[in-house]
Amino acid sequence: MDIRKKITFNYVALSTFSTLLLCIIVFFLFRENNRYHFLKRLDDRAKIVASIHFQKDPEKIKYYKNLQKNGLEELIEEEEYVLKINSHNSFDYNTNLNLPNTFYTNILSTGKDSYEKDNKYYLGQIFQENNQKYIVIVGARDRKGKDTTVYIVKIMLFGGIGFVILAFLLGRYLAKRVINPVARITKEVKRISASNLHNRLPEVKNSDEISDLTNTFNNMLDRLETSFEIQANFINNASHELKTPITTIIAESEIMLLKEREKHEYVESLQNIYSQASRLGNLTESLLKLTQTGYDGQKQVSDIARMDELLLDVKSDLDKIYPDNRVSIKLNFAPEDSNLLLLPCNKPLLELAINNIITNGVKYSDNNEVFVNLTANKEMIKIAINDIGIGIPPEDIPHLYEPFFRGKIAAKYIGYGLGLPLASKIIRMHDGELQVQSEQNKGTIVTIIFKKGNIKKSNV
């Protein structure tokens, strides 16, 4: 069953239930109202019957009988009885009355009671005259009340059927109005594929859930289009970067195999092949590391590391690669409570990310001083890496995290444009934030911030 039919069915079901409940309530209230008013009429009759019985004056008796006949509405099958009470639990019984004992008992104990049998009502109450008590019983059939009850039942029955039909039509109209925007979105979505990700859903001006759904889907398409473009650029650049050393190696080998060469030529050729092979190996390793860092932090995080110790380990590795580096690790502002320095992480990957950033500072400052400052508190851990190097032009900053992107100034330095994108992915994988501030020819400040409130609980 599709959603349109479900909405229609549920609307009809709820409408039918509500109508049925309303009809039942109206029926019982109407019936009780009829009963109340008919018993009120019987009460008036009982008072007149008592007055006629007690009066000794023929003129007054004639007056009350005339009032009973002409002044009050005629009752159907009207019966009147006056029963003398002998004691607190005995009275003169009339054999024409076929009423239950509880009816008389209630009258004697409370002074008044009513009874219904086959749509005929009996009202009994006690009157007193000259210290003598009497039970006055008046009975009549409420045919009018029965007829009006049947009439109202017919109205509710046919009205209810008509309302259910109307609810069905309104339900279909409501379902159509609710589902049509979703159906339109579905139709538009089916037309969007990888070849036309630039298409967008038409905007809905109403600020409702459909408008939110449209905006959310368009935002998702923006992200997908950007991801596809980055992926396409990555593949193009990667193929180009990999093709160059492979082509050089193949060409160098073919040239050397054409004829016999001198020893120094072989050595020179092997050195060239070795250089290109090393470049190819480093590039492949960087690409593998880049692809191995996903966005699922739950799978990647496995350690809890102290950030001060991690920075010292990074410095130790740098000292092996760049023995004359001028990197200074500043721990002056590190907290005394070592627990504030703990971070759930994939330690090797996080070391790699920080190593890449510091190495960039060393490389692009021509081995000038690089300062690494560590601060931490209950809310966050912050690492600031400051170098005095060539800086980054403003137009290059938006492209820093694109793989293989290299600015015009940085092109003269050896590299592949993978270090910072790799570091960015690793830091984002750890729910961290990477901020870059730079001014050309003055230096760069790279700040890494891990806000503890953002760290996934499953990672701790």
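Because the structure is predicted, anything quoted here is derived from the model rather than measured.
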* Are more than 12 heavy atoms from other residues, nucleotides or ligands located less than 6.0 Å from atom CG of Asp147? -> yes

* Show the numbers, then the answer: is there a side-chain contact (heavy atoms from CB on, under 4.5 Å) between Lys347 and Asp313? => CA-CA 11 Å; Lys347 189 176 179 182; Asp313 290 340; 3.6 Å; yes

* **Main-chain N/O of Gly443 paired with Ser438 side-chain donor or acceptor, under 3.5 Å** => yes

* For the student: nearest non-hydrogen atoms of Ala353 and Ile427, plus distance -> CB-CG1, 4.4 Å

* Heavy-atom closest pair, residues Arg35 and Ser114 -> NH2-OG, 3.3 Å

* To do: Assess whether side-chain contact (heavy atoms from CB on, under 4.5 Å) is satisfied between Tyr104 and Leu97, documenting all intermediate values.
  => CA-CA 11 Å; Tyr104 299 107; Leu97 289 171; 3.5 Å; yes

* Asked: Any side-chain heavy-atom pair from Leu22 and Phe163 closer than 4.5 angstrom?
  -> no

* To do: With sequence neighbours excluded, give me every side chain to side chain donor-acceptor pair (under 3.5 Å) pair touching residues 24-33.
  => Asn33-His37

* Asked: Just wondering, do Thr149 and Phe27 contact through their side chains at under 4.5 Å, heavy atoms?
  -> yes

* Asked: So do Ile354 and Met307 actually touch side chain to side chain, heavy atoms under 4.5 Å?
  -> yes

* If you count the non-hydrogen atoms of other residues, nucleotides and ligands that lie under 6.0 Å from NZ in Lys133, is the total more than 12? -> no

* Structure fact -> Between the CG atom in Leu39 and the CG atom in Asp43, the distance rounded to the nearest 0.5 Å is 8.5 Å

* Got a second to check how far Ile448's CD1 is from Ile357's CD1, nearest 0.5 Å? -> 3.5 Å

* Check step by step if ring pair (Phe, Tyr, Trp, His ring centres under 6.0 Å) holds for Tyr122 and Phe103. => CA-CA 9 Å; Tyr122 292 90; Phe103 175 67; 7.2 Å; no

* Nearest atoms (heavy-atom pairs only) where Pro398 meets Pro394 -> CD-O, 3.4 Å

* Asked: Do the non-hydrogen side-chain atoms of Val136 and Lys47 ever get within less than 4.5 Å of each other?
  -> no

* Would you call Thr19 and Val164 a side-chain contact if the rule is heavy atoms closer than 4.5 Å? -> no

* With sequence neighbours excluded, tell me which residues meet ring pair (Phe, Tyr, Trp, His ring centres under 6.0 Å) with Tyr121. => Phe38

* Ser424 side chain to Leu420 main-chain N or O, any donor-acceptor pair under 3.5 Å? -> no

* Asked: Can you tell me if CG on Asn101 sees more than 12 non-hydrogen neighbours from other groups inside 6.0 Å?
  -> no

* Do the side chains of Asn94 and Ile137 get nearer than 4.5 Å, heavy atoms only? -> no

* Heavy-atom pair of closest approach, residues Ile449 and Thr447 -> CG1-CG2, 3.8 Å

* **Minimum side-chain heavy-atom gap Tyr81-Leu99 below 4.5 Å** => no

* Asked: Which distance, rounded to the nearest 0.5 Å, do you find between the CD of Glu129 and the NZ of Lys84?
  -> 13.0 Å

* Passing candidate, side chain to side chain contact (heavy atoms under 4.5 Å, CB included) with Leu400, options Leu434, Val436, Val446 -> Val436

* Asked: Between Lys452 (side chain) and Asn377 (backbone), is there a donor-acceptor pair under 3.5 Å?
  -> yes

* To do: Step by step, work out the side-chain contact (heavy atoms from CB on, under 4.5 Å) result for Asn360 and Asp387.
  => CA-CA 9 Å; Asn360 282 346; Asp387 68 69; over 6 Å; no

* Under 6.0 Å from the OH atom of Tyr93, do we count more than 12 heavy atoms belonging to anything else shown? -> yes

* Take Glu433 and Gln435 through the side chain to side chain donor-acceptor pair (under 3.5 Å) test and state the conclusion after the steps. => CA-CA 7 Å; Glu433 181 181 352; Gln435 300 175 352; 2.9 Å; yes

* Donor-acceptor pair, Asn106 side chain versus Thr102 backbone, under 3.5 Å? -> yes

* Interatomic spacing from CG in Asp431 to NZ in Lys451 - rounded to 0.5 Å -> 12.0 Å

* Interatomic spacing from CD1 in Ile392 to OG1 in Thr444 - rounded to 0.5 Å -> 4.0 Å

* Crowding at CZ, Arg141 (>12 non-hydrogen neighbours, <6.0 Å) -> yes

* **Residue pair Tyr11 / Arg172, side-chain heavy-atom distance below 4.5 Å** => no

* Where the side chain of Glu80 meets the backbone of Ala46, is there a donor-acceptor pair that is under 3.5 Å apart? -> no

* Which heavy atom of Leu341 sits nearest a heavy atom of Ala376, and at what distance? -> CD2-CB, 3.7 Å

* Asked: Does any N or O in the side chain of Asn10 come within less than 3.5 Å of the main-chain N or O of Lys6, such that one atom is a donor and the other an acceptor?
  -> yes

* To do: Quick one: pull up CG in Leu311 and CZ in Arg306 and give me the separation to the nearest 0.5 Å.
  => 11.5 Å

* Verify side-chain contact (heavy atoms from CB on, under 4.5 Å) between Ile126 and Ile107, making sure each step is shown before the conclusion. => CA-CA 7 Å; Ile126 296 176; Ile107 294 175; 3.8 Å; yes

* Asked: If you look at every heavy atom in Thr8 and Gly171, which pair is closest and at what distance?
  -> OG1-O, 3.6 Å

